[in-house]
Amino acid sequence: MERTYNPTPTPAPSPDIRQFLATQLNPNQMEAVTHGDGPLLILAGAGSGKTRVIAYRIAYIIRERQIPPWQILAVTFTNKAARELTHRVTELTGEDQVRQVRMGTFHGLCARFLRSEIELLGRRYDRNFTIYDTDDQLRVLKRQFAEAGLNPKLVSPNAVLGAIGRLKDRLASPAQAASASEAHNPFETAVATLYLRYQNALEAANAVDFGDLINLMLQLLENFPDVRQRYANRYRHVLVDEYQDVNEAQYRLVKAIAGDHRNLTVVGDDSQAIYGWRGADVRYILQFEQDFSECTTVRLEQNYRSTQTILVAAQAIEAGLTKRHAKELWTANRKGDPITGVVAGNETDEAQFVIREIDRLIGTGIGYRQIAILYRTNAQSRVLEEQLVRRRLPFQLVGGTRFYDRREIKEVIAYLHLLVNPHDTDAFRRAGGTRKGLGNTTMDKFVDWATETSRPVVDGLISLLRAEGAERPAPLIIGTVGPDLDEQSAVMGPLPWNRRAHELLLAYARDLDAFITGLQTLSLPDLLDLLLKRTGFREYLLEHRDDNGEERWENVQELMSVVTEYGVSGADEGLRLFLENAALVSDADTIRAGPRDDVVTLMTLHTAKGLEFPAVFIVGMEEGIFPHSRALEDGNIDEERRLCYVGITRAMQALYLVGCRSRSFRGMFVENDPSRFLRELPGELVRWVDGNGFRLDAARVMEMQSGAWPGHGASRAAGSWGGGTAIGSPSNLPHRPVGPDRPLPPGAPTPIRPWSGQATRIGGPPSTRQASPGASGPGVPNIRPFNGPSPTPLRPGLENIPGLRRANDLTPGARQTQTSPAPPAPPLPTYGLDERVRHPSFGDGTVIQIEPGRGTEVMIQVKFDTIGVKKLSTGLAPLTRIP
DNA sequence: GGAGCTCTTGTTTTT
DNA sequence: CAAGAGCTCC
């Protein structure tokens, strides 16, 4: 392929820009930011200021190299990351510029591109295509099971959907899947059959799934040279974040756009590749230097986030990986407190430990927002939530079931989808399912009829209405005998359903007709309002008195308030924007957009990627939970290991790894061994305690390290193996949980004090501090303000960095920090005697004493108006001045 | 067609 | 333990 783009020589950065950047970036970061044309690989370790570098690089390209911002394409994996990047670049270039940069997720960008290009693929799709989520996909697939006469009990639809997804990740078409499937393997054969049917069903519905978004765009780029040319010419500077997580389709997409001009910057950390299950392949980042042989490689190896202790622990886990890019993280931060390893009895004990410890942390002046609880699977959040509610600690749960995944919400949205995409058969069925009297039999008949007569479902409905109008000008009164169906066949042909069904379909049609009219005349909120009233949606929910109709109606009202934001334009445009958002934006993304409260954050380890928190709890540190049993079965422990690495490196100062001997799982008690990750922690970094916070003695620690929960023998002898797990003899159970309603007095002292002064002052610089020599030539970081044995400032006072927003309008960890990595060290906030301050949980108070803390830390005593005197660290406490 | 019941079954992470 | 599928009865 010919190169069509002649790179202009990169102008040398002007001295003053360089000078400015030097105050913001370390030498390696600087090299990455100012790199000119040509491929650039940035290997960015955890906490090394990666997002900062991308943001500065984009700003540099625009401001210093005078590249028009619309020539820049920046791709991330999550909306959260995209928003964060937008935010950062905005600070550097201003909104006018950033708006022109094309930034988004792979899926979001492809959706956008496809809206204008997809019709080139022929009549298969049109620009109004619907994006199907997992739930939609499964519904379609199950229907294919039925139609293909396959028994969903013999082959799990979920497994088939997974297989189809993986085929799509590898760009395998249904035909390829069929020819590749082994004739004797019934599963593969079934997958191939179902894949074909599924794909046809999606096409017929003018619908695409997540995989299609990428793959169809790729088809356009690879099969239409002029399209590829257009995109390659327009986006002359391409940046891809989290490159270790690209799958084959995404990789080829990037190559299709940037392969000629080769102005491609990829950023990633192979040690943080945790999406293999989604088709991502670390190989692509490992091979980048071969793919783009002229590339420059920059390593960001200084970690600005975590204490040495945390970093060393992370590296101990990382060391178990079989292959990775050579990369040695180091930090100039202080050694910090030991990691707390916790051996709890069961999952309730585990949760109670966490909560008690949070209480204690709060007592030392840490804010709730500085604390995160991470777990492997969403199901683990339940116990934690219960205990948090019981103790009345403020928290937010991130992830789990998406708002837009709730059944009632999907039902409402199905109506809306029908207004945009009249082919959307699944939406027709879903919305129809909420209509009293309309059941599967009728809908099946109708869909079949519409298909046979080549009508999109909505057009089919409307045509019933027309035929009705033509033949029976007077509206039918329900109950009267209608015209014989033969009468209609003159217009419609024979209709295979009865009179009653016909009335129901007509009512459906009239509703849709009214909404379609509303699309032109109303705003989206008004349209939704009309929709809910006209369909009697509230009554539908409440009459379905099975469980919680009220709650569901509240969700629908919540949807109403979300939609309000789309009210400025006409309903048609607003609706398209809204639906795109609903399809591609996760709950987590929307929740975080709101004002930040001072709350503890609960989420999965996966969701936590990219975030950071001063204090992190990782729970469920047991074999089978983390590492997950399925990963153990499949033998891909490496990915679990990287996930553990990701989790540990979220922590800035305090890290707790909590596991328990037994837990109830799927309604049964199970006993797991301690996680191998616990056992691999270097012993000298960990302080081991039991679920009540009492130190484990050396013997028990040894036991633990040899792979068994300490002190297990005695309780096992008395417990589960003993014959009588008879009801009424609870003492026989292996471990008695602390009574669930045992009150914990506020501020009650707990036995462990991980934040106490012990073990913080360490003599010489530890070995991790040296930059690895091979890193990048002479650019050994030196003269870092953080150098030397002095502890780093803890919570940086972000408000002191010019151009940065105040911490409290930032996401929990994400934006709150990461902005602090570069020298010079941001000064701690200072307070004067008698100054009035505000704390989110303690209220307002007056500074009554100031004294030095550890290192550069400053402790102040504040007399709060309501709760008395508290001693707080200025670096840690979420204090604000009251003017 | 649909309500209400029992039984089975699944068990990770997310765009 | 929860959700979904399948069954029965109206």
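Keep in mind it's a predicted model, so treat the numbers as computed, not measured. Naming convention: chains lettered A, B, ... in sequence-line order (proteins, then strands); numbering from 1 in each chain.
Here A:Thr442 lies in heavy-atom contact (under 4.0 Å) with sugar-phosphate atoms only. The residue A:Leu438 sits close only to the backbone: its heavy atoms come under 4.0 Å of sugar-phosphate atoms, none of a base. Counting any heavy atom pair closer than 4.0 Å across all strands shown, A:Lys609 reaches no nucleic acid atom. Using a 4.0 Å heavy-atom criterion, one finds that A:Phe77 contacts the sugar-phosphate atoms exclusively.
The interatomic distance linking A:Ile625 (CD1) with B:dT12 (P) rounds to 11 Å, in whole Å. Per the geometry, CG belonging to A:Leu397 stands 11 Å off P belonging to B:dT14, to the nearest Å. Rounded to whole angstrom, the span from the CG atom of A:Asn79 across to the P atom of B:dT15 amounts to 7 Å. The separation between A:Leu161 atom CG and B:dG10 atom C1' is 15 Å, rounded to whole Å. Remark: C1' of B:dT9 and CE of A:Met668 are 14 Å apart, rounded to the nearest angstrom. The distance between atom CG of A:Asp135 and atom C1' of C:dA3, rounded to the nearest whole Å, is 12 Å. Here C:dA5 presents its P atom at 12 Å from CZ of A:Phe145, a figure rounded to the nearest Å. If you measure from atom CG of A:Leu611 to atom P of B:dT14, you get 13 Å, rounded to the nearest angstrom.
Note on A:Thr604: a side-chain N or O is less than 4.0 Å away from OP1 or OP2 of B:dT14. Contact between the side-chain N/O atoms of A:Arg630 and the OP1/OP2 oxygens of B:dT12 is found at a separation under 4.0 Å. Between A:Lys80 and B:dT15 there is no side-chain N or O to OP1 or OP2 distance below 4.0 Å. The side chain of A:Thr607 contributes an N or O atom lying less than 4.0 Å from OP1 or OP2 of B:dT14. In this structure, A:Arg382 reaches the C:dA2 phosphate: one of its side-chain N or O atoms is under 4.0 Å from OP1 or OP2.
Where stacking is scored as ring centres under 5.5 Å apart with planes under 30°, A:His628 registers as stacked on the base of B:dT12.
A distance of about 15 Å separates the P atoms of B:dT13 and C:dG4, rounded to the whole Å.
Between A:Glu386 and A:Arg382, the closest side-chain pair of non-hydrogen atoms falls below 4.5 Å.
Ranked by how close their nearest DNA chain B nucleotide is to the 5' end, A:Gln137 and A:Asn158 are led by A:Asn158. Comparing A:Asn378 and A:Lys436 along DNA chain B, the residue whose closest nucleotide (by nearest heavy atom) sits nearer the 5' end is A:Lys436.
Other residues, nucleotides and ligands contribute over 12 non-hydrogen atoms within 6.0 Å of the CZ atom of A:Arg102.
Counting distance only, with no hydrogens placed and no angle test, the side-chain atoms of A:Trp277 and the base atoms of B:dT13 include a donor-acceptor pair under 3.5 Å.
Residues A:Phe77 and A:Phe106 bring their aromatic ring centres within 6.0 Å.
In this structure, the separation between CG on A:Leu643 and OG on A:Ser271 is 12.5 Å, given to the nearest 0.5 Å.
Counted by atom type alone, A:Gln199 and A:Lys168 present one or more donor-acceptor pairs between their side chains at under 3.5 Å.
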Quick one, A:Tyr540 with A:Phe537, criterion ring-ring contact (aromatic ring centres under 6.0 Å, His included). Give me CA distance, side-chain angles, the key distance, then yes/no. CA-CA 5 Å; A:Tyr540 156 70; A:Phe537 205 80; 5.3 Å; yes
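When each of B:dT15, C:dA5, B:dT14 is scored by its nearest atom to the side-chain atoms of A:Lys142, the top-ranked nucleotide is C:dA5. Nearest nucleotide to the A:His606 side chain, out of C:dG6, B:dT14, B:dT15: B:dT14.
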